[in-house]
Each structure stands twice: as structure tokens, then as C-alpha cells.
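See structure below.
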Amino acid sequence: MSSGHSVSVLRQGGDLIGFSVVMSVIDEAHLLNIGICKHYQGQGLGARLLRHAMSCAQLGGASRMFLEVRPSNERAVELYHHFGFRQIGLRKGYYPATTGREDGLVFDRELP
Ligand SMILES: CC(C)(COP(=O)(O)OP(=O)(O)OC[C@H]1O[C@@H](n2cnc3c(N)ncnc32)[C@H](O)[C@@H]1OP(=O)(O)O)[C@@H](O)C(=O)NCCC(=O)NCCS
């Protein structure tokens, strides 16, 4: 937040149950992270937060959104596909893994 990135949170009662972080540079937005508390996953909240992050980025002037995701993170990959993100690249050994490193899939989509 102190770097000026756009942070959105989801709360239920007093509890923080989800967040997203987007870095925007001119007309490009980069989804740096999104997460929903384990207990609340699978209820459409990740989709709601992603939709919100995309519209905030769009209102801020972005025409495209990028992100990286681990190939093993099937739920996140499914969520991004669901929202029209498509793979445009691969970063070799991008993420630390339990043993060695794991590639990062680079996804993007236009923000119409
Ligand atoms: C990825 C994450 C944010 C998704 O949030 P969520 O609230 O569980 O997702 P939703 O319930 O909104 O589901 C949205 C879509 O994701 C997909 N999805 C959700 N649960 C799924 C599952 N168990 N298996 C496969 N796909 C799934 C579906 O396409 C779903 O759409 P649908 O319900 O219309 O079919 C959440 O799982 C999370 O916080 N994971 C840990 C952190 C993380 O990996 N962040 C991403 C870093 S790149």
C-alpha cells in the first residue's frame, strides 16, 4: 500500500476474509496477488474480488491486466480462465517450490 498499489479487501463482520493487490502503470494493470481465506473459498468471493479489481483498474485508465500464476494452482488458473484471461508467456523457475522452483504462467486480458 505504501508503494501506491491499489488494495481491495473483503470483510465479513470484523474479519478480513479476502484481499487483492493491483499495480498500475499508465494503461497496464498487474494483479500482484489475490486471496480468499481458506474457510470462505469456493463461494464466489474470489470471482467477486477479481471483478472488483478489474473494474477499479479500468476506471483508473488501464486497458489490459497481467498476472502470474503457478501451473499447479488449478483453482486460480480456473478462476482466471473463467474471467477470459489467456496465457501469453511462461517465466521459467519463477516461484520457489517445496523442491526447487516452479514456472510462472503469464496471463493477460483486455479491460474493455
Ligand atoms: C484462487 C482463489 C482466490 C479463488 O477464490 P474462490 O473464492 O475460492 O473462488 P470462487 O469461489 O470465486 O470461484 C471462482 C471460479 O474459480 C473456479 N473454481 C472455484 N473453486 C474451484 C475448484 N475447487 N476447482 C476448480 N475450479 C474452481 C471456478 O471457475 C469458479 O467459477 P464458478 O464457481 O462460476 O464455476 C482462492 O482459491 C485463494 O485464495 N487461493 C489461495 C491464494 C491463491 O492461490 N491466490 C492466487 C495467486 S495467483
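Numbering of ligands and ligand atoms starts at 1, following listing order.
- Between the side chains of Glu68 and Tyr95, no donor-acceptor pair is found at a separation under 3.5 Å.
- Checked by atom type and distance alone, the side chain of Arg101 pairs as donor or acceptor with a backbone atom of Tyr94 at under 3.5 Å.
- The proximity of His82 to ligand 1, defined as any non-hydrogen pair under 4.0 Å, is limited to the side chain.
- Closest approach of Ala76 to Val69, counting heavy atoms only: CB-CG2, 3.8 Å.
- At the top of the distance list for atom 26 (N) of ligand 1, counting protein heavy atoms only, stands Glu78 CG, 3.3 Å.
- The minimum heavy-atom distance between Met1 and Val7, with the atom names listed, is CG-CG2, 3.3 Å.
- Ranking protein heavy atoms by distance to atom 4 (C) of ligand 1, first place goes to Leu79 CD2, 3.8 Å.
- Counting heavy-atom neighbours within 6.0 Å of Leu16 CG, excluding the residue itself, gives a total above 12.
- In terms of polar-atom proximity, Gly35 is not counted as a contact of ligand 1, lacking any N or O under 3.5 Å from an N or O of the ligand.
- Remark: the Glu102 side chain and the Ser72 side chain contain an N/O donor-acceptor pair separated by less than 3.5 Å.
- Residue Asn73 touches ligand 1 through its side chain alone, judged by heavy-atom distances below 4.0 Å.
- Between Leu90 and Val106 there is no side-chain heavy-atom pair separated by less than 4.5 Å.
- When side chains are defined from C-beta on, Phe85 does not count as touching Leu79, because their heavy atoms never get closer than 4.5 Å.
- Contacts with ligand 1 closer than 4.0 Å are made by side-chain heavy atoms of Tyr80 only, the backbone lying farther away.
- Among Arg75, Gln41, Glu74, Glu68, the residue whose heavy atom sits closest to atom 20 (N) of ligand 1 is Arg75.
- Of the candidates Leu32, Leu67, Val77, Ile36, Ile36 brings a heavy atom nearest to atom 39 (O) of ligand 1.
- Protein heavy atom nearest atom 12 (O) of ligand 1, with residue, atom name and distance: Ala47 N, 2.8 Å.
- Using a cutoff of 4.0 Å between basic side-chain nitrogens and carboxylate oxygens, Glu110 and Arg64 are scored as salt-bridged.
- With hydrogens left out, the protein atom closest to atom 8 (O) of ligand 1 is Gly42 N, 2.8 Å, a heavy atom.
- Neither the backbone nor the side chain of His81 has a heavy atom within less than 4.0 Å of ligand 1.
- Considering both main-chain and side-chain atoms, Gly44 comes within under 3.5 Å of ligand 1 through a nitrogen or oxygen pair.
- In terms of protein heavy-atom proximity, atom 46 (C) of ligand 1 is closest to Ile34 O, 3.5 Å.
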